Chemist: 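Once you've had a glance at the structure underneath, I'll fire off some questions.
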Amino acid sequence: MTAKIAYDEVEVGTELPARTFPVTRATLVQYAGASGDFNPIHWNEKFAVEVGLPDVIAHGMFTMAEAIRVVTDWAGDPAAVVEYGVRFTKPVVVPNDDKGAEIEVSAKVAAKLDDQQVRVDITAMSAGQKVLGMSRAVVRLA
């Protein structure tokens, strides 16, 4: 597979389609099972509060994975991402209600690089707070 977006058709400042990802307690349990990360801060409200958190929080790697989906969906091929990194700045707090939380993700092409590559800067927000900092991906385009 290769990226479906052509390097020559992309300009610095190109905005990728934004997405909002819902996160519920059930989502966290499913992720815990898939990842093997059963830390109680991700499912036990009493424990999370006892260690100083406001409530149960989403796994950092789950948040990171949801954010890169905006880039992989745009590129059309997950393998087009050759580099990806973030800093975790705030947790995604997931209340125990019918709504849960949302991760709002937007991204734009910040630089055109050599070898048909672009740097994409990603913004991930939840409850009005930036939850990932320095979130950047390098993507090899067609």
Side-chain angles (χ1 to χ4, degrees), residues 1-45 47-49 51-142:
M1 295 182 72
T2 59
K4 293 180 170 67
I5 304 293
Y7 178 83
D8 292 335
E9 296 175 7
V10 174
E11 300 296 330
V12 170
T14 298
E15 293 186 15
L16 285 59
R19 293 204 39 206
T20 299
F21 301 98
V23 186
T24 65
R25 295 280 177 97
T27 308
L28 299 182
V29 171
Q30 291 168 338
Y31 182 81
S35 69
D37 182 352
F38 294 100
N39 187 322
I41 64 173
H42 303 303
W43 57 270
N44 184 319
E45 184 176 337
F47 183 85
V49 171
V51 298
L53 295 168
D55 204 334
V56 165
I57 63 170
H59 303 73
M61 295 303 287
F62 172 81
T63 304
M64 189 177 176
E66 292 292 75
I68 197 65
R69 287 176 61 188
V70 167
V71 178
T72 59
D73 288 352
W74 171 72
D77 179 8
V81 176
V82 297
E83 185 179 315
Y84 178 43
V86 307
R87 289 196 179 149
F88 301 105
T89 56
K90 298 280 184 188
V92 175
V93 178
V94 183
N96 191 18
D97 58 16
D98 293 335
K99 185 178 176 186
E102 293 182 332
I103 303 169
E104 301 163 352
V105 182
S106 60
K108 69 178 177 180
V109 174
K112 291 186 83 167
L113 310 171
D114 294 333
D115 197 25
Q116 303 291 102
Q117 296 181 59
V118 295
R119 190 187 87 219
V120 177
D121 290 353
I122 304 162
T123 301
M125 307 281 292
S126 185
Q129 295 188 329
K130 195 172 184 179
V131 295
L132 298 176
M134 297 295 291
S135 185
R136 296 180 175 169
V138 174
V139 183
R140 181 169 287 115
L141 300 178

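Worth saying up front: this structure is predicted, and the values here are computed from it rather than measured.
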Chemist: Would F21 and V92 count as a side-chain contact (heavy atoms from CB on, under 4.5 Å) if you check the C-alpha gap in whole Å, the side-chain angles of each, and the deciding distance to 0.1 Å?
Modeler: CA-CA 12 Å; F21 301 98; V92 175; over 6 Å; no
Chemist: List in chain and number order the residues that pass ring-ring contact (aromatic ring centres under 6.0 Å, His included) with Y84, two or more places apart in sequence or in another chain; answer none if no residue qualifies.
Modeler: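 With neighbours one apart ignored, the set is empty.
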Chemist: Which value, rounded to the nearest 0.5 Å, describes the distance between E102 atom CD and T20 atom OG1?
Modeler: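 That separation rounds to 5.5 Å.
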Chemist: Below 4.5 Å, heavy atoms only, C-beta onward: do T72 and D77 meet side chain to side chain?
Modeler: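 No - every pair of side-chain heavy atoms lies 4.5 Å or more apart.
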Chemist: Does any part of the side chain of V56, heavy atoms only, come nearer than 4.5 Å to the side chain of L28, both counted from C-beta?
Modeler: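 Side-chain contact under 4.5 Å: yes.
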Chemist: Report the distance from atom CZ of R119 to atom CD of E83, rounding to the nearest 0.5 Å.
Modeler: 10.0 Å
Chemist: Of all the heavy-atom pairs spanning A111 and V12, show the shortest one and how long it is.
Modeler: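 Result for this residue pair: CA-CG2, 4.0 Å.
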Chemist: Nearest 0.5 Å, what's the NE2-OG1 distance between H42 and T27?
Modeler: 13.5 Å
Chemist: Any idea which heavy atoms bring A67 and V105 closest together, and the distance?
Modeler: O-CG1, 3.6 Å
Chemist: Side-chain contact, heavy-atom cut-off 4.5 Å: I41 with V51?
Modeler: yes
Chemist: Determine yes or no for a side-chain-to-main-chain donor-acceptor pair under 3.5 angstrom, with S106 supplying the side chain and A18 the backbone.
Modeler: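 No; judged by distance alone, with no hydrogens or angles, the pair does not exist.
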Chemist: Can you find a pair of side-chain heavy atoms, one from V120 and one from L16, that are under 4.5 Å apart?
Modeler: yes
Chemist: What is the ring orientation for F62 with Y31, classed by angle as parallel under 30°, tilted 30 to 60°, or perpendicular over 60°?
Modeler: perpendicular
Chemist: With heavy-atom distances below 4.5 Å as the criterion, would you say the side chains of V71 and V139 are in contact?
Modeler: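 V71 vs V139: side chains touch.
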Chemist: Any idea which heavy atoms bring K130 and K90 closest together, and the distance?
Modeler: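 Distance-wise, the nearest heavy atoms are O-CG, 3.4 Å.
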Chemist: Side chains of L113 and V138, heavy atoms from C-beta outward: is any pair under 4.5 Å?
Modeler: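 The answer is yes, as the side chains (C-beta and beyond) meet within the 4.5 Å cut-off.
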Chemist: Between R25 and E45, is a salt bridge (Lys or Arg N to Asp or Glu O under 4.0 Å) present by the stated rule, with each step listed?
Modeler: CA-CA 10 Å; R25 295 280 177 97; E45 184 176 337; 3.6 Å; yes
Chemist: Starting at CE of M134, measure out to CG of L132 and round the result to the nearest 0.5 Å.
Modeler: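 Answer for the CE-CG pair, M134 versus L132, is 12.0 Å.
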Chemist: What I'd like to find out is whether the side chain of F38 reaches to under 4.5 Å of the side chain of N44, using heavy atoms alone.
Modeler: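 F38 vs N44: side chains apart.
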Chemist: Looking at every non-hydrogen atom in both residues, tell me the closest pair between Y7 and K112 and how far apart they are.
Modeler: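 Closest approach of Y7 to K112, heavy atoms only: O-NZ, 3.0 Å.
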Chemist: Going from CE on M61 to CZ on F88, what distance comes out if it is rounded to the nearest 0.5 angstrom?
Modeler: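 Nearest 0.5 Å value for the CE-CZ distance: 6.0 Å.
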Chemist: Is there a side-chain contact between I122 and I68 in this structure, where contact means two heavy atoms from C-beta onward sitting under 4.5 Å apart?
Modeler: yes
Chemist: Would K108 and D121 satisfy salt bridge (Lys or Arg N to Asp or Glu O under 4.0 Å), going step by step from the backbone distance to the final call?
Modeler: CA-CA 6 Å; K108 69 178 177 180; D121 290 353; over 6 Å; no
Chemist: Measure across T14 and V10 and return the closest heavy-atom pair with its distance rounded to 0.1 Å.
Modeler: OG1-CG1, 4.0 Å
Chemist: Can you give me the closest heavy-atom contact between A3 and A142, atom names plus distance?
Modeler: O-CB, 3.3 Å
Chemist: Quick one: CE on M64 to OG on S135, what's the gap to the nearest 0.5 Å?
Modeler: 7.0 Å
